[in-house]
Amino acid sequence: MSPSAIPSTAPPLPVPERDRDSAPFWDALREHRLRLQSCDACERVRFPAMSRCPYCVAPEHRWRELSGRGRIYSWIVVRQAFRPEFAAEVPYALVTVDLEEGVRVVGRMDDVDSPAFDLAVVAAYVDHPEWTELRFEEMAA
Amino acid sequence: MDPFAGRTAIAGAGMTELTRRSGRSVLSLAREAALAACSAAGLEPTAVDGVVQYSMYDDSVQAEALGAVIGARDLSYVMDFAQGGQSAAHMVAHAAMAVACGFAKNVLVFRAMNGRSGVRIGQRAAVGGGTEFRYPLGFVAYPQVAAMWARRYMIETGATELDFGAIAIAQRRWAERNPRAVLREPLTEEGYLASRPVAEPFRLPDCTTEVDGAAAVLVTSVERARDLALTPAVISSAAWATHGFDLDMGSSLRYDDYLRNFSGHLAGPLWKRAGLGPEDVDYAEVYDCFTGALALNMEGLGLCAPGTAGTFAREGHTSPGGKLPTNTHGGLLAEGYVHGMNTVTEAVWQMQGLGGERQVPKNDVAVVSSGAYLSGSAIVLTKDR
């Protein structure tokens, strides 16, 4: 869809509906840091945020700061906006990334031609008016 | 002796036409499909004492409301199940359990939706706890989740987009023979490659076609089914599997093996309960909201080897005249998206010899699956002797 075809009444981009489990994640992104829950019992890092460890069900955890470095596990290139609020955004790439600390996360990449299997990427942070987005870019050689 | 296997049967199946704008209420669609199933079976609708249905985003009508409009006034078993493509075979299994346990005698199972003119599932932001992490990124709709699985399938197996294309092309050959199908034009490899990209690696023909319509089947005991009008399709097995679930059905970041969806986790119990194996299957009606899901379901059920679903389709095995006719209505890809309930009705019609121009030559054993990734269900049907 060409940008000119987008009605000026396009709804605004959504803002994350944070909850008690996820608030520290979003707060950290706002400071351009990547923090995820790490289970005190089994030490696995998890995403998305949830109150219990999905691997061992333990509730105790700490918020661990991560390197932001990882490799692409899978990706798609979105060519069709499935909701009107994203009509001006297409095309864009979404990548799932295996971070060095052993957890898989998802984010966008700006260049739709750059995602490739096992590509080394690093976290970037995009500030929106009300929240900060985790985005990925190709790691410099 | 297994308390479930072989005790119940589907006695009849019915559907409405499939359109892009029905101009009717969902309840009206449900009623038409339900009455068609009863009529096919030769059962008075007033004899129905159980109703089961499933819905997403509150897009259907309650099971009890259907009872009210077909004259089934007193119900002794009902079920409203709020899940999607996972549901169809599982709802048949529920009806069968109700019958086998004596809670009801004649149970209608239906799916009805204005899926094109009303609530469009493929464009809804998925519900559930993981949405807050995906929706703001534009990781919104289920086709995108499915495409992410498909890319990983390509990475791990070496499959190409043309392998997905081969699946869409094979199923279109069946749709050409199905007057109800919404996509009946032949699809070629060139046409596939030229089609509009949606969420790469998926193009438009990789994705189901949303429609308005309804499908229903009537489940009863094998003994009662034998007194009705058509050959009973005996429910010889059923299974459900959930694997790797965390917050919602779109959240598969922690999934451990993208080559093995729910079907790989239910195949063992499914075949064991049936006392049959994939090698015994005469035809397969396999859930295909996306070509990539069809591949995982075929491979998970053991109908072809891991990573080979595209090759299997390209070699013609799933097409008319092939050794394993698959999605003989054209599938959800080409007949239309009645959320997998039309996959069940097609299996029943083929077993009852009602397949018309697309009737398969051998119809003693069928497998029907429902679902795509983290969870789903399946049944095995065998022709009553």
Side-chain angles (χ1 to χ4, degrees), chain A residues 13-19 21-23 25-26 44 46-55 72-98 103-109 112 115-118 126 128 130-135, chain B residues 120-158 161 195-204 206-207 210 244-248 250-259 290 292:
Chain A
L13 288 172
V15 173
E17 289 181 27
R18 45 195 280 156
D19 61 20
D21 293 331
S22 66
F25 169 74
W26 297 115
R44 290 199 66 168
R46 63 182 182 260
F47 181 84
M50 58 189 94
S51 60
R52 295 260 169 173
C53 175
Y55 302 99
I72 289 182
Y73 178 80
S74 187
W75 80 95
I76 64 173
V77 178
V78 179
R79 299 279 179 187
Q80 173 190 320
F82 288 89
R83 307 268 313 160
E85 50 269 44
F86 296 101
E89 306 285 306
V90 290
Y92 57 89
L94 286 163
V95 295
T96 48
V97 174
D98 283 344
V103 59
R104 188 171 302 145
V105 299
V106 62
R108 275 206 211 171
M109 269 183 89
V112 299
F117 169 58
D118 214 33
V126 176
H128 300 283
E130 294 175 72
W131 64 292
T132 297
E133 177 193 337
L134 172 64
R135 208 167 272 207
Chain B
R120 294 186 67 174
I121 290 171
Q123 301 195 348
R124 293 293 293 253
V127 293
T131 311
E132 73 166 277
F133 302 97
R134 297 192 306 272
Y135 182 27
L137 307 176
F139 197 16
V140 187
Y142 205 55
Q144 299 171 329
V145 175
M148 195 71 88
W149 277 74
R151 176 79 69 188
R152 185 65 200 180
Y153 177 88
M154 294 166 71
I155 291 167
E156 293 203 22
T157 66
E161 292 161 74
S195 60
R196 179 160 65 83
V198 174
E200 293 170 6
F202 283 162
R203 297 172 167 80
L204 208 52
D206 291 302
C207 306
E210 293 167 307
F245 202 96
D246 48 52
L247 292 173
D248 63 68
S251 180
S252 39
L253 289 168
R254 291 192 312 107
Y255 204 82
D256 51 5
D257 184 355
Y258 273 54
L259 287 193
F290 304 98

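So that the names make sense, note that chain A is the first sequence line, chain B the second, and so on, each numbered from 1. Note that the structure is predicted; figures quoted are calculated from it, not measured.
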Between chain B and each of A/Val106, A/Val126, A/Leu134, count heavy-atom pairs under 4.5 Å; write down the option with the most.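 Among A/Val106, A/Val126, A/Leu134, the one with the most close pairs to chain B is A/Val106.
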
Within a strict 4.5 Å, meaning less than it, do heavy atoms of the A/Glu85 and B/Tyr135 side chains meet?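 Yes, their side chains come closer than 4.5 Å.
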
Residue pair B/Pro197 / A/Val77, side-chain heavy-atom distance below 4.5 Å: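 Contact flag for B/Pro197/A/Val77 side chains = no.
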
Grab the two heavy atoms, one from [X] and one from [Y], that are nearest each other, plus how far apart they are.
{"X": "A/Ser74", "Y": "B/Arg152", "result": "OG-N, 3.3 Å"}
{"X": "B/Leu253", "Y": "A/Arg104", "result": "O-NH1, 3.2 Å"}
{"X": "A/Leu94", "Y": "B/Met148", "result": "O-CE, 3.7 Å"}
{"X": "A/Phe86", "Y": "B/Leu137", "result": "CE2-C, 4.2 Å"}
{"X": "A/Ile76", "Y": "B/Phe139", "result": "CD1-CE1, 4.3 Å"}

Report which part of B/Tyr153 has an atom under 4.5 Å of a heavy atom belonging to chain A: side chain, backbone, both, or neither.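 For B/Tyr153, no heavy atom lies under 4.5 Å from chain A.
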
Check each atom of B/Arg196 against the heavy atoms of chain A and say whether the ones under 4.5 Å are side chain, backbone, both or neither.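 When you check distances to chain A, only side chain atoms of B/Arg196 fall under 4.5 Å.
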
Step-by-step side chain to side chain contact (heavy atoms under 4.5 Å, CB included) determination, B/Phe202 to A/Gln80: CA-CA 11 Å; B/Phe202 283 162; A/Gln80 173 190 320; over 6 Å; no

Partners passing side-chain hydrogen bond (donor to acceptor under 3.5 Å, both in side chains) against B/Asp257 (at least two apart in sequence or in another chain):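 For B/Asp257 there are no side-chain hydrogen bond (donor to acceptor under 3.5 Å, both in side chains) partners, ignoring immediate neighbours.
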
Under 4.5 Å from a heavy atom of chain B, the part of [X] involved:
{"X": "A/Phe25", "result": "side chain"}
{"X": "A/Arg18", "result": "both"}
{"X": "A/Ala93", "result": "neither"}
{"X": "A/Leu13", "result": "neither"}
{"X": "A/Val105", "result": "backbone"}
{"X": "A/Asp118", "result": "neither"}

Using 30° and 60° as the class boundaries, would you call the ring planes of A/Tyr73 and B/Tyr258 parallel, tilted or perpendicular?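 Rings of A/Tyr73 and B/Tyr258: perpendicular, as their planes differ by over 60°.
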
Based on non-hydrogen pairs under 4.5 Å, which of B/Pro201, B/Pro143, B/Ala147, B/Gly138 is most in contact with chain A?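 It is B/Gly138.
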
Taking the cut-offs as 6.0 angstrom to the six-membered ring centre and 45 degrees off its axis, would you call B/Arg254 and A/Tyr55 a cation-pi pair?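 Satisfied, under 6.0 Å and within 45°.
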
After noting the C-alpha distance and the side-chain angles of A/Trp75 and B/Ile155, does the key distance pass the side chain to side chain contact (heavy atoms under 4.5 Å, CB included) rule? CA-CA 10 Å; A/Trp75 80 95; B/Ile155 291 167; 4.0 Å; yes

